[in-house]
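Taking it in order: structure first as structure tokens, then the write-up.
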Amino acid sequence: MAGILKAYNKVPALNTATVLLVGVEGIGKHKLANAMLDLNITFNLHVRTTTSLPLPEENAETRPRIDLVVFMIDMSKKNSFAMVENCVKLLDINYFLGRVNFVITHADKPHSQNVTLPAVLGLCDTYDSPMVWGSTETTESCHCLARKILTTTEIIAGCKSHVTPMLIRATRLPCEYSETL
């Protein structure tokens, strides 16, 4: 399918990571992107933003490999959740092996929520991807959220020795131990 964003269709650039922020207008994507670029990091970072998937085909050859896709959901905007639900279906399944994050904003304001927490948790569970709570309202909270995303990005881009997205994913899975005699 032409509209599917492929995870491994390009060779990774050395010591470089590209993050794609996906979300509706007005939820702080650009503030978060700027906060990510402001932080002092040991690798080259490129941040792209979009309001929806699929990405346009006309610049596909010049587009860098996308290492991490971050879906932003504003719990006070129902269209934000609906858009993410539709866009997540347009990702290659390989992204769901540790290369997708869901960022949830306005979760601390239950009186203004138009999206239910069980719906968001269900989406994260369906795609077996981590969720990060945060805010883009203040500079400090935006930088904190950016730091959380960049920690994951550094691992995904291969800038951390001996740590892979699959190792991180494996540590999050519940472990059942049963001894048979």
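Once rounded to the nearest 0.5 Å, the distance linking CD of Glu140 with OG of Ser135 reads 10.5 Å. The structure places NZ of Lys31 at 7.5 Å from OG of Ser141, a figure rounded to the nearest 0.5 Å. Expressed to the nearest 0.5 Å, how far CD1 of Ile156 lies from OG1 of Thr151 amounts to 11.0 Å. A distance of 5.0 Å separates SG of Cys142 from CG of Leu32, quoted to the nearest 0.5 Å. Here the straight-line distance linking atom CD of Glu85 with atom OG1 of Thr126 works out to 9.0 Å at 0.5 Å rounding. Separation of atoms CD1 (Ile73) and CZ (Phe81) is listed at 6.0 Å; rounding is to 0.5 Å.
Side-chain atoms of Tyr95 and Leu5, non-hydrogen and from C-beta on, do get closer than 4.5 Å to each other. Between Thr153 and Val19 there is a side-chain heavy-atom pair separated by less than 4.5 Å. Contact check for Trp133 versus Lys148: no side-chain heavy atoms found under the 4.5 Å cut-off. Residues Val100 and Leu91 form a side-chain contact, since some pair of their non-hydrogen atoms from C-beta on lies under 4.5 Å apart. A heavy-atom distance below 4.5 Å is not found between the side chains of Leu55 and Leu90. Side-chain contact between Glu25 and Thr51: present, with at least one pair of heavy atoms (C-beta onward) separated by less than 4.5 Å. Counting heavy atoms from C-beta on, the side chains of Val120 and Phe102 never come closer than 4.5 Å. Looking at heavy atoms from C-beta onward, Val47 lies in side-chain contact with Leu45 at the 4.5 angstrom threshold.
Looking at Lys77, its side chain never comes within 3.5 Å of a backbone N or O of Asn114 through a donor-acceptor pair. Judged purely by atom type and a 3.5 angstrom limit, Lys29 has no side-chain atom pairing as donor or acceptor with the backbone of Thr49. A side-chain donor-acceptor contact under 3.5 Å links Gln113 to the backbone of Ala107.
For Lys10, the NZ atom counts as densely surrounded, since its 6.0 Å shell holds more than 12 non-hydrogen atoms of other residues, nucleotides or ligands.
Contact between Val103 and Ile149 at its shortest, heavy atoms only, is CG2-CD1, 3.7 Å. The two residues Ser129 and Phe96 come nearest to each other via the heavy atoms OG-CD2, 3.5 Å.
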Step by step, would you call Leu20 with Leu53 a side chain to side chain contact (heavy atoms under 4.5 Å, CB included)? CA-CA 11 Å; Leu20 178 65; Leu53 293 177; 4.1 Å; yes
Leu123 vs Val84, side chain to side chain contact (heavy atoms under 4.5 Å, CB included): CA-CA, chis, key distance, verdict: CA-CA 9 Å; Leu123 182 67; Val84 168; 3.8 Å; yes
Taking it one step at a time, do Cys87 and Ser52 satisfy side chain to side chain contact (heavy atoms under 4.5 Å, CB included)? CA-CA 6 Å; Cys87 288; Ser52 65; 3.9 Å; yes
Stepwise, does the side chain to side chain contact (heavy atoms under 4.5 Å, CB included) test hold for Ile27 with Thr136? CA-CA 8 Å; Ile27 61 171; Thr136 58; over 6 Å; no
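Every residue meeting the side-chain hydrogen bond (donor to acceptor under 3.5 Å, both in side chains) condition with Arg63, not counting sequence neighbours, appears here in chain and number order: Asn59. A search for side-chain contact (heavy atoms from CB on, under 4.5 Å) contacts involving Ala82 returns nothing, not counting sequence neighbours. By the side-chain contact (heavy atoms from CB on, under 4.5 Å) test, Ser76 pairs with Asp74, His106, Ser112, sequence neighbours left out. In this structure, the salt bridge (Lys or Arg N to Asp or Glu O under 4.0 Å) partners of Glu137, at least two apart in sequence or on a different chain, are Lys109. Taking the side-chain contact (heavy atoms from CB on, under 4.5 Å) definition, one finds that Asn94 meets it with Ala7, Tyr8, Asp92, Leu97, sequence neighbours left out.
Among the candidates Leu145, Leu150, Ile41, the single residue satisfying the side chain to side chain contact (heavy atoms under 4.5 Å, CB included) test with Met36 is Leu150.
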Which donor-acceptor pairs under 3.5 Å do side chains of residues 65-72 form with protein atoms, sequence neighbours excluded?
{"residue": "Arg65", "atom": "NE", "partner": "Asp67", "partner atom": "OD1", "Å": "3.3"}
{"residue": "Asp67", "atom": "OD2", "partner": "Thr18", "partner atom": "N", "Å": "2.9"}

